[in-house]
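Inspection log for the structure reproduced underneath, given as structure tokens.
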Amino acid sequence: MDFVFILQDIISGILMGSIYGLIALGLTLVFGVLKVINFAHGSFLMVGMYVSYWAVALTGLHPYLALCIVVPVMFFFGYYLQNFLIKPIFVAEKDVREPTTVIIVTTGVWYMLDNLTLLFFGPDYRALTPNPLKGKMLEFGEIFISVPKLCGFLISIATAVALYLFLQKTRTGRAIRATSLDRDAASLMGINQWKIFNVAFGIGTAIAGISGVVLTPFYNVYPTVGVPFDVKSFVIVVLGGLGSIPGAIIGGIIIGLIESIGPMFMTSTWTEAIVYMLFLLVLFVKPSGLFGQKYDW
């Protein structure tokens with residue numbers, strides 16, 4: 001088999017895998033702080049893609065300048081959704097650390113957002129216009145690199161580094177880490193855990209919005225676009241380690257490499273099967289994930 005083809009697939013897998021990791025990053029942050037699984041995360045990605053799409057379509061902005069609109073919109077969307085829908089559950093179920101009700105509510109938000117989007121925008125697939133990045137490639141000899149995916153890789157790494165530094169170096173970040181470790185002790189130290197929950201959920205939702213901006217230049221926008229990415233995010237979070245920031249990125253790259261290189265040796269059906277077999281293997285052998293401890297901040 002030609003080495004150039006293999007190298008091309010490895011590069012493509014790393015680039016796309018980093019974007020998978022970016023999507024999973026918001027999910028793992030929410031889990032690390034609130035200790036609940038957000039089943040609506042894929043729908044937040046979808047909302048971010050629609051906000052990005054309309055921001056570019058209506059204003060003519062460069063696709064990546066849409067981040068200036070998408071990030072604050074998605075942050076406040078997540079902040080107030082947590083405050084008005086999820087916080088009352090924690091207040092009502094004071095002795096429950098992982099309330100099943102939250103899972104039910106986030107599942108309801110998932111269906112509500114997808115169906116409202118379908119109602120207002122219809123089932124049509126929409127492509128970004130204007131799109132100055134369409135078909136853009138960098139050529140290195142016989143190797144071709146997609147510019148939108150390369151930009152996605154750089155934004156993913158930058159976001160992961162920025163999140164890590166925010167959690168390590170800022171007062172709010174340290175408060176988030178303290179709350180993730182022991183919310184009762186954090187409250188005794190004067191930290192408002194409810195505000196921290198809102199901020200963490202808002203940041204996780206904003207990261208989903210960043211993922212939407214990254215995907216929109218080369219991926220169609222439609223009401224259920226978040227579903228396949230949502231499934232991959234759960235696989236990546238378990239693979240990399242629940243609550244692990246580097247684990248989310250590395251786990252995403254592993255999935256991206258499997259999806260990219262696998263079809264060279266087997267059918268795409270088997271490639272998907274390998275991803276889920278790896279997911280089950282990690283659950284049985286090392287439930288904390290390949291790269292994480294319990295909460296690896």
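Residue pairs meeting the salt bridge (Lys or Arg N to Asp or Glu O under 4.0 Å) criterion with at least one partner in residues 196-214, sequence neighbours excluded, do not occur; the list is empty. For residues 272-282, no residue pair satisfies the salt bridge (Lys or Arg N to Asp or Glu O under 4.0 Å) rule, not counting sequence neighbours. Legend: salt bridge (Lys or Arg N to Asp or Glu O under 4.0 Å) pairs involving residues 251-271, not counting sequence neighbours, sorted by first then second residue: Lys232-Glu259. Residues in residues 205-216 take part in no salt bridge (Lys or Arg N to Asp or Glu O under 4.0 Å) pair, two or more places apart or across chains.
For Leu215, the side chain to side chain contact (heavy atoms under 4.5 Å, CB included) test picks out Met16, Ile19, Ile23, Leu45, Met49, Phe218, Tyr219, Phe229, with sequence neighbours left out. Listed by chain and residue number, Ala66, Leu128, Pro130 satisfy the side chain to side chain contact (heavy atoms under 4.5 Å, CB included) test with Val56 (two or more places apart in sequence, or in another chain). With sequence neighbours excluded, the residues forming a ring pair (Phe, Tyr, Trp, His ring centres under 6.0 Å) with Phe75 are Tyr79, listed by chain and number. Residues passing the side-chain hydrogen bond (donor to acceptor under 3.5 Å, both in side chains) test with Asn83 are Asn198, sequence neighbours excluded.
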Atom pairs and distances, donor-acceptor, side-chain atoms in residues 146-155, under 3.5 Å, two or more places apart:
unit_1: Ser146; atom_1: OG; unit_2: Lys149; atom_2: N; d: 3.4

Name the atoms and distances for all side-chain donor-acceptor pairs under 3.5 Å in residues 103-118, with sequence neighbours left out.
unit_1: Thr106; atom_1: OG1; unit_2: Phe39; atom_2: N; d: 3.4
unit_1: Thr106; atom_1: OG1; unit_2: Val102; atom_2: O; d: 3.1
unit_1: Thr106; atom_1: OG1; unit_2: Ile103; atom_2: O; d: 3.0
unit_1: Thr107; atom_1: OG1; unit_2: Ile103; atom_2: O; d: 2.8
unit_1: Trp110; atom_1: NE1; unit_2: Asp114; atom_2: OD2; d: 3.2
unit_1: Asp114; atom_1: OD1; unit_2: Ser43; atom_2: OG; d: 2.9
unit_1: Asn115; atom_1: ND2; unit_2: Tyr111; atom_2: O; d: 2.7
unit_1: Thr117; atom_1: OG1; unit_2: Leu113; atom_2: O; d: 2.7

Let me check something: any side-chain donor-acceptor pairs from residues 221-228 under 3.5 Å, sequence neighbours excluded? List them with distances.
none

(request) Test Leu61 against Thr59 for side-chain contact (heavy atoms from CB on, under 4.5 Å), laying out the working first. (result) CA-CA 5 Å; Leu61 279 174; Thr59 66; 3.2 Å; yes
(message) Run Asn38 and His41 through side-chain contact (heavy atoms from CB on, under 4.5 Å) and show every step you take.
(response) CA-CA 6 Å; Asn38 176 21; His41 191 69; 3.9 Å; yes
(request) Apply the test side-chain contact (heavy atoms from CB on, under 4.5 Å) to residues Met264 and Asp9: give CA-CA distance (whole Å), side-chain angles for both, the deciding distance (0.1 Å), then the verdict. (result) CA-CA 9 Å; Met264 298 179 68; Asp9 285 340; 2.6 Å; yes
(request) Could you please spell out the steps behind the side-chain contact (heavy atoms from CB on, under 4.5 Å) verdict for Phe265 and Ile261? (result) CA-CA 8 Å; Phe265 304 97; Ile261 298 174; 3.5 Å; yes
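Ring planes of Tyr53 and Tyr50: perpendicular class, angle over 60° (limits at 30 and 60°).
We find the OH-CZ distance between Tyr80 and Phe201 to be 15.0 Å, quoted to the nearest 0.5 Å. Of the inter-residue distances, the one linking Ile196 atom CD1 with Arg177 atom CZ reads 12.5 Å to the nearest 0.5 angstrom. Taking OH of Tyr20 as the reference point, atom CG of Leu239 lies at 14.0 Å (rounded to 0.5 Å).
Leu188 belongs to a hydrophobic cluster with Met189, counting contacts under 4.5 Å between side-chain heavy atoms of Ile, Leu, Val, Met, Phe, Trp and Tyr, direct or through other members.
Although no hydrogens or angles enter the test, the distance criterion places a donor-acceptor pair under 3.5 Å between the side chain of Gln8 and the main chain of Phe144. Judged purely by atom type and a 3.5 angstrom limit, Lys35 uses its side chain to pair as donor or acceptor with the backbone of Gly32. With Thr28 contributing its side chain and Leu25 its backbone, the two residues share no donor-acceptor pair below 3.5 Å.
Just one residue in the list Val47, Val51, Leu65 forms a side chain to side chain contact (heavy atoms under 4.5 Å, CB included) with Val70, and that residue is Val51.
Pairing each heavy atom of Ile253 with each of Ile14, the nearest pair is CG1-O, 4.0 Å.
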